[in-house]
Every structure is written in structure tokens, then in C-alpha cells.
Peer 1: 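This is the structure, below, for whatever I ask next.
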Amino acid sequence: MRTEDVLAATGTGIWTWDHAARQIILDATAARLLGLSTEPTRPVRTAESTLRACFHVVDYVELNGIITLAIAEGRIAEAMMRVVDGEGAVLRTVRTRLKPRGDPGRGRHSAPFTLVGTVTEVAEPSEGQTQVTGDWRRSREAFLLDAGRALAEARSTSEVLRVAAALSMPGFSPDGLAVFGVDGDRLSVIGHHGHGDGDELPFLDMPLETPYPAADVVRSGRAVYITSPTEYQRRYPTTWPLAERFQRQSWAFLPLVVAGRTTGAWMAAFSQPAAFSPDERAVLTTVARMLAQALSRAYLHESERELADGLQRTMRPAGAPDVKGLTVAARYIPTGGGLQVGGDWYDVIPLPSGRTALVIGDVQGHDVRAAGIMSQLRIALRAYAAEGHRPEAVLSRASRFLAGMASSAAAGAPDGEPADDRFATCLYIEADPLLGTMDIARAGHLDPAVLLTDGTLMLRPTAGGLPLGITPGPGLTGGGAEGDYPTTRLVLEPGETLLVCTDGLIETGGHDAETGWARLREVFDRHRASDLEQIADELVRAVHGPPSHHTRGPLTDRREDDIALLLVRRGEDGTRPATARRTVLTISQADAVRVADARHQLQAMLYDWGTAQDTEVAATEDVRAAEEARAANAAAAVDGAVLMLSEMLTNVLVHTDGDALMVAEVTGRPGARRLRVEVSDHSDELPHRRDPGELASSGRGLVLMDLLAGDWGVDPRGEGKVIWFELREDAPPPTWD
């Protein structure tokens with residue numbers, strides 16, 4: 001009996017799909033089933049577009065996907081299709097099976113090929129049960145969307161494997177999963193679900209040449225489907241004993257492919273027999289692709305985190321800084337982009353003199369290059385400090401070192417490539433824990449701040465030079481000479497806390513310098529009684545929200561800039577009341593512009609002057625009027641104090657040849673505090689009252705003191721003198737008789 005007679009007797013047609021010519025050749029039976037001809041013996045040649053019109057549009061799209069999958073796996077494509085007429089009405093349902101011929105390669109469109117197959121009419125399936133048009137497809141699409149979303153959100157390998165284990169596929173669900181990875185020429189299980197502890201041991205170090213389905217998948221890049229234990233034993237007799245004890249009935253092994261490279265294999269094992277229809281294979285293949293991408297992202301993320309953690313451990317001081325007489329809390333929080341490491345750093349360096357150097361800095365940029373420069377610069381600063389140089393000498397040498405690095409990098413750069421010139425800001429402090437002195441040299445960095453014993457946060461302006469690594473132009477200073485980084489001495493009183501940080505702590509979140517410092521002041525107001533470690537955590541939390549598992553490690557949210565932070569508190573000795581505020585500032589003859597810094601310091605000390613509630617006045621007078629009068633009197637008192645200070649400092653700079661030393665202190669309880677301001681110099685000449693004329697430009701300083709001060713005086717003191725004034729918060733406003 002001829003083959004044609006058998007096919008005709010069973011109602012089976014034959015058709016050929018020429019992919020290169022985009023033409024279809026159908027025998028008479030196939031043409032009749034697809035509605036292209038009514039001739040019982042005449043074959044039909046037609047275009048691909050004509051064939052498309054024969055099928056329901058949804059089914060034709062489904063057929064293309066099934067063909068693509070079958071070609072990738074080297075298997076037969078099988079699908080059920082609805083044949084429609086010109087009006088879209090369904091005429092019949094047919095089943096088609098197609099096998100690729102030629103060299104289709106690894107993708108549908110990678111090379112010309114031909115599909116040869118059969119077409120057979122089947123009974124119309126009941127609604128809701130067909131794999132092509134019923135609820136199964138809608139469930140599958142919803143499942144794939146949910147699976148893709150869940151895998152995209154997984155950030156670690158363990159999370160990806162947990163999501164994969166929780167996937168419940170529509171129509172059939174595996175009860176055993178395993179993910180195999182490749183390391184060189186070895187195959188190993190990197191995660192599994194549905195198996196007992198230790199079940200993965202035989203698969204942990206398997207040569208790729210092993211006759212095992214997962215190894216076969218990695219070698220060939222093609223999926224392996226095994227529908228029964230008998231088939232498994234027949235195809236892989238050597239490794240069947242490894243799988244037999246799990247008592248599964250069907251297995252699917254699919255390649256994990258990323259960027260065209262097979263990185264591993266995924267196994268889905270079923271305790272019930274599975275036929276692995278084209279639709280089921282399509283689901284498994286799609287999940288495998290999503291799983292491969294998710295594992296690739298997780299591996300990259302974990303590698304970056306491991307590299308960042310290693311860099312951070314290498315470039316930060318090991319352990320908590322321990323300085324006798326000082327309590328130190330430090331934090332480094334990297335930016336959220338890239339490798340989560342940047343150019344910010346801090347350091348605590350013991351010096352040969354017995355003092356301690358506190359260093360904080362920021363290299364331009366937030367990349368690996370910035371981190372590398374920071375590491376070298378930190379080592380150079382440590383070396384210069386260990387040699388015993390003064391702060392200004394340490395910074396000048398570090399600036400030359402960084403400029404030399406930039407020159408070397410530019411010389412070694414390829415022709416036409418721009419030089420990667422980087423600069424760095426730095427604040428270097430030589431601290432004497434016994435005396436509380438802080439000798440500060442600043443290279444373009446933020447000024448330090450001091451938290452007074454009553455919780456007031458005050459910025460302490462310091463002299464500074466250009467950032468490290470910048471070579472000055474004509475007429476500018478900076479870039480290497482020791483005089484380019486003048487030293488400022490501050491005195492940290494017992495109980496006071498020094499704050500130094502990088503600009504990430506101040507300006508993150510759209511803040512500028514003013515609003516950023518205001519945000520930190522609120523933190524200190526709420527936590528003034530806390531220890532330094534808690535305050536450091538609260539400062540970081542105020543900027544970035546709650547830290548992750550460890551306050552000293554990376555945070556999980558997105559951050560705009562690195563943060564480096566040092567808090568230094570001098571030990572309490574009980575010699576000063578906790579309510580005192582004190583600031584000390586030296587103004588040299590060559591730096592008269594710092595008179596403005598002194599005025600700002602005094603204003604900062606008196607930020608709440610006159611704000612204590614007067615309960616008696618509030619009970620007998622209009623509250624609003626009383627508050628307005630109190631605010632006006634307080635503002636007048638503050639303005640008067642600032643004016644007197646300015647006169648005292650200017651008098652020293654104009655009429656003597658030495659520097660002026662300002663000491664301002666506020667003591668007492670709110671509402672009854674006393675302000676005392678002293679300005680001392682080395683001149684023995686005492687000020688005297690003059691009677692200036694109406695057009696005179698000077699000579700009114702002592703007159704102002706008489707009018708504005710509650711009390712004032714001039715006291716000889718060794719070699720020099722001190723002029724002082726006092727104001728009381730509860731004093732009545734001055735009268736102008």
C-alpha cells in the first residue's frame with residue numbers, strides 16, 4: 001500500500017513551508033483542510049501571507065512561537081490551529097506537526113530552512129479546556145508576568161532561588177527544582193528545592209563530560225526532556241542511579257543562557273508523568289530565560305557588593321578609633337550607584353608627639369578611580385603625619401603628591417585621551433587630648449562644627465587653602481607651599497563635641513549648606529544626651545533613612561553622595577557647668593576678614609537669646625504683644641553685642657601690631673543667662689575715651705560700650721590687656737537719654 005493512500009485514508013495532509021522563499025506547498029488533503037482548495041487530487045502552492053489568513057490570528061502567532069522553540073531545541077513543532085473563513089468564522093480545528101530540514105542553526109531566522117509536516121483534523125475541544133484558546137493560555141500569561149516581576153525584584157542568588165522554588169506553573173507544577181552552575185569544566189548544584197539536605201552532594205563537582213542530562217544541556221545548549229523513568233534509564237544509564245532514588249516520573253533540563261552563552265542548567269522534576277507539550281515547553285523555556293537573567297543580575301550585584309566591601313575594609317581604619325582623653329565615633333556610607341564605593345574617607349592617626357591626627361577628605365568623583373586615588377592619598381597622608389610634620393606641612397606635601405599622580409597619569413594616557421585630573425578636599429586636625437587644642441589645616445573642605453555642652457551646634461570658621469592637587473595660577477596661592485595652608489587653633493572644652501564630615505552629610509536630598517546644617521541641628525537637639533555612636537547613627541538616619549543590617553555598612557536605598565563622618569568628644573572634667581557655651585577665635589593682623597567670622601560666631605551663640613517664656617508677663621498682658629516686645633529686645637541686645645565685638649576687634653587690629661584673641665561665653669539658666677565677651681591683645685596701651693566730632697570716622701567705641709553693655713572694663717593681663725563686656729538676658733532694654 002502506498003503512503004499516499006494511507007494518508008488519504010486517515011485524513012492526513014502533508015505540507016512544506018519554505019522559509020527562504022516564504023512559500024507553502026500543500027497536498028490536496030492539506031489544502032482542503034485549510035480551506036485553500038476543493039480539488040480532491042490537486043496540490044496547492046501559495047504564499048506565506050495566504051496561509052496566515054487561513055488561521056485564527058492568535059493561533060498563527062502561537063504557531064510561530066512554537067516553531068521558534070522547536071527549532072532551538074531540535075524537536076518537532078506541534079500545535080492545534082483554528083481554520084477560519086474570510087469572515088473569521090471557525091471552520092474546523094486541525095493539528096499540525098512540523099519538522100525543520102536544512103540548517104536552521106540556533107534561532108528561527110539565523111539561516112534558511114524548510115519545515116515539512118502533517119495536518120490532521122481533530123474534534124473541536126470543549127470550551128475552557130483547549131491549550132490553544134482556553135483558560136490555560138490566560139493562566140499561563142498571568143503566571144509568566146508574575147514570575148517575571150518576582151524574578152526581576154530578586155537581588156541575590158538566594159532570593160532568585162527562593163522565587164524559582166515558589167513558582168506554581170499552571171496545569172503542571174514541578175516538585176523538585178535544581179540550578180546547576182559551571183565552573184571551568186565542572187558542573188555543580190548552586191541551589192535546589194524539594195530535596196533533602198545532602199541530596200546535592202553527588203552533583204557538587206561533576207565533570208562536564210559526565211553522561212548526565214544537565215551536563216548534556218550545558219555542552220549542547222539544547223533542552224532535554226525526559227517523559228518517563230524508562231526513557232531516563234535508556235538515555236542516561238550511567239547516571240540513572242543518581243536520579244532513581246528521588247522517585248520522579250518526568251524531568252525537564254533547560255539551558256540558562258545569558259548573552260548567547262550557556263551559564264548553567266535548570267532542572268524541573270515531576271512526581272507525575274508529564275508529556276511536555278509545546279505549550280508546556282514554551283512555559284519552561286520562558287521561565288529558564290528569566291531565571292538565567294535574574295541569576296546573572298544577582299551574581300553581578302553580589303560581586304560588586306563583595307568588591308565594594310573589600311575596598312571599604314581596606315581603605316578604612318580597622319576597628320573603632322581609640323584615643324585616650326577623646327571619644328571618637330566614625331561612619332563611612334558609600335553612594336548607592338555603581339560599586340557603592342567612592343572617594344570619601346576618614347582616618348585617625350597616632351602621632352610621634354603623642355598627639356592624634358584626625359583626617360577627613362573627599363576625592364572628586366564616585367567611581368573606582370576616585371576610590372583608588374583616595375587609597376593612595378590616605379596612605380601618603382599617614383606617611384607624612386608619621387614623620388612628625390605640622391598640619392600645614394602634611395597638606396602641602398599631600399597636594400604635591402596628588403599633583404604628581406595626575407601628571408604621571410596624563411603622561412601614560414593614550415594619545416588623544418583627556419587626562420583624568422582629580423583633586424581632593426581635606427581637613428587635617430592635630431589634636432591634643434590633654435589640653436583640648438585642635439590645630440586645623442583645611443584644603444578646600446567644609447569647616448568643622450562644635451556641639452557645645454548645652455546642645456548648641458556652632459560652625460567654627462577656619463583658615464584654608466586650595467584643594468589638594470590643584471596647581472595655582474599666577475597671583476594665586478596654594479598647591480604645595482607650607483604657607484598655603486594656614487593653621488587655625490581651636491580649643492575643645494570638656495564635654496564639647498567636634499563634628500567633621502564630607503558634603504554628602506550636608507547637601508544630600510536637595511539641601512544647601514544652610515538647610516543641611518539646620519537638619520543636623522535638629523538631630524542634635526533631639527539626641528544631645530545620647531552617646532556618640534547613637535548620635536552618629538541618627539545623623540546618617542536623618543539623611544538617608546534607617547540603615548540596613550549594620551550602621552557602619554552600606555545602606556539599601558539610593559544615595560546621592562558618599563558620606564564620611566567623624567565625631568570627637570572631649571572627656572568631662574566637671575570644671576564647667578553643662579549650660580555654658582564658649583567659643584575662642586584668633587584674628588591675626590594679616591587676616592582681618594575674620595572679624596566677620598567672629599561676628600557670626602557670636603550670633604550663633606546667641607541664637608536663642610531672650611526666647612525664655614516670661615510667665616508673669618504672659619499672665620497679665622497680651623501674649624502676642626509680650627512676645628513681640630521680648631523678640632525686639634532680644635534682637636537689639638544681640639545686635640548690640642555683635643557691634644561691640646566688632647569695635648573691640650577692629651580697635652586691636654588698627655591700634656596695635658599684634659593679633660586679637662576673642663573669648664565669648666554664655667552661662668546660666670535660660671531667661672537669666674549672662675554673656676561675657678573678652679578681646680585680648682599684647683599691647684600695654686589702654687584705650688581711652690575721646691569726644692569725636694560729628695564727622696569723625698572713629699573714636700566712638702567706648703561710647704558704644706557705655707550705651708550698650710550692661711557692664712564693661714579693661715584689665716591689664718601680663719604682657720597686654722583684655723577688654724571685656726557683659727550682658728544679662730533678663731536686663732531691661734537700654735535707655736537713650
Peer 1: Any sub-3.5 Å donor-acceptor pair from Glu496's side-chain atoms to Glu493's backbone N or O?
Peer 2: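 The answer is yes, because a donor-acceptor pair under 3.5 Å joins these two groups.
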
Peer 1: Between the main-chain N or O of Leu452 and the side-chain N or O of Thr456, is there a donor-acceptor pair closer than 3.5 Å?
Peer 2: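 A pair under 3.5 Å: no.
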
Peer 1: Under a 4.0 Å threshold between the charged nitrogen and the carboxylate oxygen, would Arg673 count as salt-bridged to Asp608?
Peer 2: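 Salt bridge flag = yes for Arg673 with Asp608.
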
Peer 1: Provide the closest heavy-atom pair for Arg570 versus Pro494 in the form atom of the first, atom of the second, distance.
Peer 2: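 The pair with the smallest heavy-atom distance is NH1-CD, 3.5 Å.
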
Peer 1: His445 side chain to Cys501 main-chain N or O, any donor-acceptor pair under 3.5 Å?
Peer 2: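 Yes; judged by distance alone, with no hydrogens or angles, the pair exists.
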
Peer 1: If the test is side chain to side chain donor-acceptor pair (under 3.5 Å), which one of Asp447, Asp597, Thr487 qualifies with Thr462?
Peer 2: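 Running side chain to side chain donor-acceptor pair (under 3.5 Å) over Asp447, Asp597, Thr487 with Thr462 returns exactly one hit, Asp447.
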
Peer 1: Does any part of the side chain of Met662, heavy atoms only, come nearer than 4.5 Å to the side chain of Leu645, both counted from C-beta?
Peer 2: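 The answer is yes; the side chains approach within 4.5 Å.
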
Peer 1: Is there a side-chain contact between His682 and Thr656 in this structure, where contact means two heavy atoms from C-beta onward sitting under 4.5 Å apart?
Peer 2: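 The answer is no; the side chains never approach within 4.5 Å.
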
Peer 1: What residues form a side-chain contact (heavy atoms from CB on, under 4.5 Å) with Ser530, not counting sequence neighbours?
Peer 2: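 Scan of Ser530 (side-chain contact (heavy atoms from CB on, under 4.5 Å), adjacent residues dropped) gives His527, Gln534, Ile535.
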
Peer 1: Do NZ/NE/NH1/NH2 and the carboxylate oxygens of Glu430 and Arg489 come within less than 4.0 Å?
Peer 2: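 Looking at Glu430 and Arg489, the cut-off is not met.
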
Peer 1: How far does CG of Leu468 sit from CZ of Arg400, to the nearest 0.5 angstrom?
Peer 2: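 CZ of Arg400 is found 11.5 Å from CG of Leu468.
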
Peer 1: Check whether Arg422 reaches the backbone of Gln364 with its side chain - one donor and one acceptor, N or O, closer than 3.5 Å.
Peer 2: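 Yes; judged by distance alone, with no hydrogens or angles, the pair exists.
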
Peer 1: Quick one, Thr356 with Leu351, criterion side chain to side chain contact (heavy atoms under 4.5 Å, CB included). Give me CA distance, side-chain angles, the key distance, then yes/no.
Peer 2: CA-CA 5 Å; Thr356 300; Leu351 301 177; 5.8 Å; no

Peer 1: If only atom types and distance count, is the side chain of Arg594 paired as donor or acceptor with the main-chain N or O of Pro461 below 3.5 Å?
Peer 2: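 Yes, because the side chain of Arg594 sits within donor-acceptor range (under 3.5 Å) of the backbone of Pro461.
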
Peer 1: For the side chain of Glu729 and the backbone of Gly671, is there at least one donor-acceptor N/O pair under 3.5 Å apart?
Peer 2: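 It does hold such a pair.
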
Peer 1: When you measure from the side chain of Thr515 to the backbone of Asp512, do you find a donor-acceptor pair of N or O atoms at a distance under 3.5 Å?
Peer 2: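 Confirmed, Thr515 side chain pairs with Asp512 backbone.
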
Peer 1: To check you understand the geometry: which heavy-atom pair defines the closest contact between Trp345 and Leu381, and what is its length?
Peer 2: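 Result for this residue pair: CZ2-CD1, 3.4 Å.
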
Peer 1: Kindly indicate whether the side chain of Glu678, heavy atoms from C-beta on, has any atom under 4.5 Å from the side chain of Glu726.
Peer 2: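 Side chain of Glu678 against side chain of Glu726, heavy atoms only: no contact under 4.5 Å found.
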
Peer 1: Could you check if a side-chain atom of Glu392 sits within less than 4.5 angstrom of a side-chain atom of Pro486, using non-hydrogen atoms only?
Peer 2: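 They are not in contact (no side-chain heavy atoms under 4.5 Å apart), so the answer is no.
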
Peer 1: Could you give the distance from CG (Leu585) to CD1 (Ile587), rounded to the nearest 0.5 Å?
Peer 2: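 The CD1 atom of Ile587 is 4.5 Å from CG of Leu585, to the nearest 0.5 Å.
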
Peer 1: Evaluate side-chain hydrogen bond (donor to acceptor under 3.5 Å, both in side chains) for Asp362 paired with Thr502, printing each intermediate quantity in order.
Peer 2: CA-CA 7 Å; Asp362 182 2; Thr502 54; 5.4 Å; no

Peer 1: Within a reach of under 6.0 Å around CG of Asp657, are more than 12 heavy atoms found that belong to other residues, nucleotides or ligands?
Peer 2: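 No, because the 6.0 Å sphere around CG of Asp657 holds 12 heavy atoms or fewer from other groups.
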
Peer 1: Go through the steps to decide whether Asp715 and Lys721 satisfy the test salt bridge (charged side-chain N to carboxylate O under 4.0 Å, His left out), and finish with yes or no.
Peer 2: CA-CA 6 Å; Asp715 300 330; Lys721 63 182 180 299; over 6 Å; no

Peer 1: Within the 4.5 Å heavy-atom criterion, are Ile440 and Pro391 side-chain neighbours or not?
Peer 2: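 Heavy-atom side-chain distance check fails, nothing below 4.5 Å.
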
Peer 1: Which heavy atom in Val652 sits nearest to a heavy atom in Ala660, and how many Å separate them?
Peer 2: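 Between these two residues, the closest heavy atoms are CG1-CB, 3.6 Å.
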
Peer 1: Starting from the C-alpha separation in whole Å, work towards a yes-or-no answer on side chain to side chain contact (heavy atoms under 4.5 Å, CB included) for Val363 and Phe423.
Peer 2: CA-CA 6 Å; Val363 175; Phe423 64 83; over 6 Å; no

Peer 1: Would a distance-only check, ignoring hydrogens and angles, find a side-chain to backbone donor-acceptor pair under 3.5 Å from Gln589 to Gly658?
Peer 2: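 Checking the backbone N and O of Gly658 against the side chain of Gln589, a donor-acceptor pair under 3.5 Å is found.
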
Peer 1: Which atom pair, heavy atoms only, marks the closest approach of Trp724 to Val714?
Peer 2: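 Reported closest heavy-atom pair: NE1-N, 4.1 Å.
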
Peer 1: When you measure from the side chain of Arg521 to the backbone N and O of Leu457, does any donor-acceptor pair fall under 3.5 Å?
Peer 2: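 Side chain of Arg521 to backbone of Leu457: a pair is present.
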
Peer 1: What's the verdict on side chain to side chain contact (heavy atoms under 4.5 Å, CB included) for Tyr384 and Phe401, showing C-alpha distance, side-chain angles and the deciding distance?
Peer 2: CA-CA 11 Å; Tyr384 297 141; Phe401 172 81; 3.8 Å; yes

Peer 1: Between Arg674 and Arg728, what is the shortest heavy-atom contact and its length?
Peer 2: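 Result for this residue pair: CB-NH1, 4.0 Å.
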
Peer 1: Pick out which of Arg582, Arg581, Arg669 makes a salt bridge (charged side-chain N to carboxylate O under 4.0 Å, His left out) with Asp454.
Peer 2: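 Per the salt bridge (charged side-chain N to carboxylate O under 4.0 Å, His left out) rule, the option paired with Asp454 is Arg581, out of Arg582, Arg581, Arg669.
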
Peer 1: Answer yes or no: is there a side-chain heavy-atom contact under 4.5 Å between Trp517 and Ile506?
Peer 2: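 Trp517 vs Ile506: side chains touch.
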
Peer 1: Got a second to check how far Leu446's CG is from Leu427's CG, nearest 0.5 Å?
Peer 2: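 These two atoms lie 8.5 Å from each other.
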
Peer 1: Starting from the C-alpha separation in whole Å, work towards a yes-or-no answer on side chain to side chain contact (heavy atoms under 4.5 Å, CB included) for Phe725 and Leu675.
Peer 2: CA-CA 8 Å; Phe725 71 84; Leu675 167 68; 4.3 Å; yes

Peer 1: Check this for me: does any side-chain nitrogen of one of Glu522 and Arg519 sit under 4.0 Å from a carboxylate oxygen of the other?
Peer 2: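 Salt bridge: no.
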
Peer 1: Could you tell me which non-hydrogen atom of Ala641 sits nearest to which non-hydrogen atom of Leu602, and how far apart they are?
Peer 2: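 It is O-CD2, 3.6 Å.
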
Peer 1: Report yes or no: does Thr650 contribute a side-chain atom to a donor-acceptor pair with the main-chain N or O of Glu647 at less than 3.5 Å?
Peer 2: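 Between the backbone of Glu647 and the side chain of Thr650 there is no qualifying donor-acceptor contact (under 3.5 Å).
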
Peer 1: Which of these, Ile429, Leu358, Val359, sits in a side chain to side chain contact (heavy atoms under 4.5 Å, CB included) with Val500?
Peer 2: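 By the side chain to side chain contact (heavy atoms under 4.5 Å, CB included) criterion, Val500 pairs with just one of Ile429, Leu358, Val359: Ile429.
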
Peer 1: To the nearest 0.5 angstrom, please state how far the CD1 atom of Ile360 sits from the CG atom of Leu565.
Peer 2: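 Rounded to the nearest 0.5 Å, the CD1-CG separation comes to 6.5 Å.
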
Peer 1: Is there side-chain contact between Ser646 and Val595, with at least one heavy-atom pair below 4.5 Å?
Peer 2: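 Ser646 reaches Val595 side chain to side chain.
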
Peer 1: Between CD of Glu665 and CE of Met605, what distance do you get to the nearest 0.5 Å?
Peer 2: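 One gets 7.5 Å once the value is rounded to the nearest 0.5 Å.
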
Peer 1: If you round to the nearest 0.5 Å, how far is CG of Leu295 from CD of Glu159?
Peer 2: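 Result: 12.0 Å between the selected atoms.
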
Peer 1: Report yes if some heavy atom in the side chain of Leu532 is under 4.5 Å from a heavy atom in the side chain of Val328; otherwise report no.
Peer 2: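 Counting from C-beta outward, Leu532 and Val328 never come under 4.5 Å.
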
Peer 1: Walk me through it: do Thr497 and Arg569 pass the test side-chain hydrogen bond (donor to acceptor under 3.5 Å, both in side chains)?
Peer 2: CA-CA 4 Å; Thr497 302; Arg569 177 175 292 171; 2.8 Å; yes

